[in-house]
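Hydrogens, waters and symmetry mates play no part in the numbers below; they use all other heavy atoms, side chains included. Here is how names work: the chains are called A, B, and so on, in the same order as the sequence lines, proteins then strands, and each is numbered from 1.
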Amino acid sequence: MKIATWNVNSLTARLPHVLQWTAANPVDLLCLQELKLTDDKFPHDALREAGYAHCAAFGQKTYNGVAILSRHPLQEVVKNIEGFEDEHARVIAATVDTAHGPVRVMNGYFVNGQEPGSEKFAYKMAWLTGLRAFVQAQMARHERLVLLGDFNIAPEDRDSFDPEGLRETIHHTTEEREHFRALLALGLVDSFRMFEQPEKSFSWWDYRMLGYQKNRGLRIDHILVSEGLKPHVKACAVDRTPRKWEKPSDHAPVILDIARGA
DNA sequence: ATGTCGCAGAGACTGCGA
């Protein structure tokens with residue numbers, strides 16, 4: 001079974017990319033962030049034709065918005081963080097049945113935070129604290145759990161094209177990295193780091209300054225798996241292919257491969 | 001230091017968020 005995450009930076013603008021990518025990569029679940037559309041505009045028909053008959057969407061106008069596209073039925077859909085009031089649509093969770101039992105999938109568009117010291121950074125910290133409590137509660141109920149999405153955190157120096165020059169700037173601060181480690185401390189594993197990866201592997205590149213062409217990127221899109229799921233993980237990789245297409249999202253998809261049966 | 005996007009509400013560009 002394959003599960004992917006992709007910040008599409010507007011599903012309206014990127015629907016052709018999603019259809020082209022899923023045609024070549026028919027993953028079982030595709031978790032999207034930054035839909036930038038309301039639920040009444042969600043393209044259910046086009047996605048059903050692409051094989052995703054079971055979509056759970058949580059959108060809003062202009063900003064944010066997340067969705068889980070699935071080839072299999074979804075159960076127990078939850079929107080946003082239980083116990084944390086939020087005006088933004090940033091989290092959607094659902095359960096999918098697999099050959100080795102149910103898997104809980106939590107898809108998040110984490111707060112960007114703009115700049116350390118800003119109000120938006122304070123919101124990012126509060127949001128991360130709220131998310132952690134919610135993930136902990138979900139983990140208590142779901143042994144096999146995936147937390148994935150656009151974390152807007154580069155966890156380590158090797159996840160940034162310029163760790164020295166960008167030290168303690170947004171995505172790189174000690175506080176953000178401590179939040180990331182606190183999520184791992186709940187019993188989650190960064191599936192990407194379970195495997196050998198190319199040097200300078202990133203998932204996001206700025207549209208400006210030829211960021212992609214110069215590989216000036218960050219690894220901020222992650223797939224964390226619970227200990228109960230870890231033995232079944234076969235692979236995790238970034239697919240840079242759609243970042244090279246015309247009018248791309250600034251993010252590339254990350255794909256997790258989980259063994260069937262087991 | 002921002003040379004890029006996408007969106008909204010205007011008003012044929014500007015501001016915002018990333």
Side-chain angles (χ1 to χ4, degrees), chain A residues 5-21 30-43 46-47 57-67 80 86-92 107-128 131 148-155 159-173 175-177 179-180 202-222 238 240-254:
Chain A
T5 177
W6 194 5
N7 179 324
V8 290
N9 185 20
S10 167
L11 184 54
T12 308
R14 228 64 67 193
L15 181 61
H17 300 64
V18 170
L19 297 176
Q20 187 177 342
W21 189 77
L30 176 57
C31 297
L32 302 179
Q33 303 89 36
E34 281 207 86
L35 307 182
K36 296 187 177 180
L37 50 73
T38 46
D39 290 343
D40 57 301
K41 296 193 170 68
F42 189 87
L47 293 170
F58 182 34
Q60 73 180 82
K61 193 174 164 184
T62 316
Y63 304 119
N64 312 310
V66 286
N80 262 348
D86 198 350
E87 290 178 9
H88 297 174
R90 294 187 174 276
V91 175
I92 189 164
N107 173 25
Y109 173 48
F110 291 38
V111 177
N112 176 290
Q114 196 170 55
E115 191 181 1
S118 67
E119 274 185 34
K120 286 173 184 164
F121 191 83
Y123 165 50
K124 183 175 196 170
M125 295 299 108
W127 189 93
L128 284 162
L131 176 77
L148 81 179
D150 175 0
F151 283 52
N152 271 312
I153 301 172
D159 299 314
S160 171
F161 71 96
D162 186 11
E164 295 300 333
L166 294 171
R167 196 163 295 289
E168 296 301 332
T169 64
I170 198 66
H171 308 307
H172 300 71
T173 66
E175 288 158 283
E176 290 165 284
R177 287 175 170 180
H179 270 290
F180 188 86
F202 306 128
S203 64
W204 171 88
W205 302 261
D206 202 311
Y207 285 124
R208 296 169 290 188
M209 302 184 299
L210 299 172
Y212 182 73
Q213 290 86 335
K214 295 178 177 173
N215 197 30
R216 292 164 62 90
L218 304 176
R219 192 176 73 93
I220 54 176
D221 300 272
H222 307 296
V238 177
R240 292 162 55 139
T241 309
R243 189 62 177 78
K244 300 166 190 163
W245 294 344
E246 290 290 310
K247 289 254 165 201
S249 165
D250 42 359
H251 295 252
V254 183

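Summarising the geometry of A:Arg243 relative to A:Asp250, their closest heavy-atom pair is NE-O, 3.2 Å, with the distance given to 0.1 Å.
Atom P of nucleotide B:dG17 and atom CD of A:Glu115 are separated by 13 Å, given to the nearest angstrom. We find that NZ of A:Lys214 is positioned 15 Å from P of B:dT2, with the value rounded to whole Å. The NE2-C1' distance, from A:His171 to B:dG17, rounds to 12 Å in whole Å. Between the CZ atom of A:Arg243 and the P atom of B:dT4 there is a distance of 13 Å, given to the nearest Å. Rounded to a whole Å, the CG atom of A:Asp206 is 10 Å from the P atom of B:dT4. In this structure, A:Asn64 atom CG and B:dC16 atom P are separated by 17 Å, rounded to whole Å. The CD atom of A:Gln114 sits 7 Å away from the P atom of B:dG17 (whole-angstrom rounding). For the pair A:His251 NE2 and B:dA18 P, the computed distance is 11 Å after rounding to whole Å.
Residue contacts shown for A:Tyr212 are absent, as no nucleic acid heavy atom lies under 4.0 Å away.
Separating the P atom of B:dG11 from that of B:dG15 is a span of 12 Å, rounded to the nearest Å. A gap of 15 Å separates the C1' atoms of B:dA10 and B:dC16, to the nearest Å.
Partner of A:Gln33 under the side chain to side chain donor-acceptor pair (under 3.5 Å) criterion, chosen from A:Asp150, A:Asn152, A:Asn9, A:Thr5: A:Thr5.
One side chain, A:Asn7 or A:Glu34, offers a donor N or O that lies under 3.5 Å from an acceptor on the other. With no hydrogens or angles considered, no side-chain donor-acceptor pair links A:Ser160 and A:His171 at under 3.5 Å.
Every residue two or more places apart in sequence or in another chain that forms a side chain to side chain donor-acceptor pair (under 3.5 Å) with A:Ser203 is listed here: A:Asp221.
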Could you run down nucleotides 5-11 of chain B 5' to 3' and tag each one B, S or - for protein heavy-atom contact under 4.0 Å? SSSSS--
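When the nearest nucleotides of DNA chain B are assigned to A:His88 and A:Met209 by heavy-atom distance, the more 5′-ward of the two goes with A:Met209. Summary of the strand contacts: A:Val111 and A:Leu210 both lie near DNA chain B, and taking for each the nucleotide with the nearest heavy atom, the more 5' one is attributed to A:Leu210.
With salt bridges taken as basic N to acidic carboxylate O contacts below 4.0 Å, one links A:Lys124 and A:Glu176.
Atom CD of A:Gln213 has more than 12 heavy atoms from other residues, nucleotides or ligands within 6.0 Å.
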